[in-house]
Amino acid sequence: MLEHYCTSLTARFLHLLVGGLLILTALPAATDPLPPPEGPPLLRIEGTIAHTNVGDEAHFDRQMLAALPPRKLATSTVVTDGINHFEGFLMRDLLARVGAEGDTVVATALNDYVVEIPREDFREFDVVVATHMDGEALTPRDKGPLWIVYPRDDHDELQDIRYDYRWVWQLEHLEIQ
Ligand SMILES: Nc1nc2c(c(=O)[nH]1)N[C@H]1C(S)=C(S)[C@@H](COP(=O)(O)O)O[C@H]1N2
Ligand SMILES: [Mo]
């Protein structure tokens, strides 16, 4: 009887242990160190971030961006006609990946356009950083390599000039403050 009790306790413990290990290994890559970029960086992130790979900054090449959980979004935009199909990743996941702390994200584009975005946007809405539009990789000639895309068709409040100017195209740099 006692023996049986002990075995089942041990079994329970092992069960919990194995369960715990499974959960740990399944945790998103958010806690892994950032590998150094192998290709040219498409996006550089600096400021209050926990994970860096080039000096004080986190640099992401195309492959590293592609390793983030993929996300699709179909929406209209103020600068294109009809509905576009975007592919990329969530800004929220990117910020988690670098261990960002801070309430403001300053986004800078290749054309030196700079805008401050409240981090709250990325908690509240599934904002995508798009690498592709309608099946084609975005290029610097056409709003690329990265374009911040809000789910504007899903939320009336996003159909507002205050949000339009946060749709940074040709995105290349983020500073977390
Ligand atoms: N890289 C970049 N992104 C940008 C801008 C810009 O000048 N450069 N303009 C912003 C503004 S003010 C708006 S309203 C929307 C649409 O700008 P557009 O009509 O000039 O394309 O994109 C935003 N993203
Ligand atoms: Mo604008």
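We count ligands from 1, going down the list as the structure has it; atoms in each ligand are counted the same way.
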Legend entry - Protein residues having a heavy atom less than 4.0 Å from any atom of ligand 1: V79, A109, N111, Y113, K143, D164, Y165, W167, V168, W169

Inset, instruction - Would you mind checking if E57 and R44 are paired as a salt bridge, meaning a charged N to carboxylate O distance below 4.0 Å? - result: yes

Inset, instruction - Tell me, please, whether Y163 has R166 positioned over its six-membered ring: NZ or CZ under 6.0 Å from the ring centre and within 45 degrees of its axis? - result: yes

Legend entry - Y150-D126 side chain donor-acceptor pair, cut-off 3.5 Å: no

Legend entry - Flag side-chain contact, heavy atom, 4.5 Å: L174 against M91: yes

Inset, instruction - Run the ring-centre check on H155 versus F125 and record whether the distance is less than 6.0 Å. - result: yes

Inset, instruction - Classify the ring geometry between W147 and W167 as parallel (under 30°), tilted (30 to 60°) or perpendicular (over 60°). - result: perpendicular

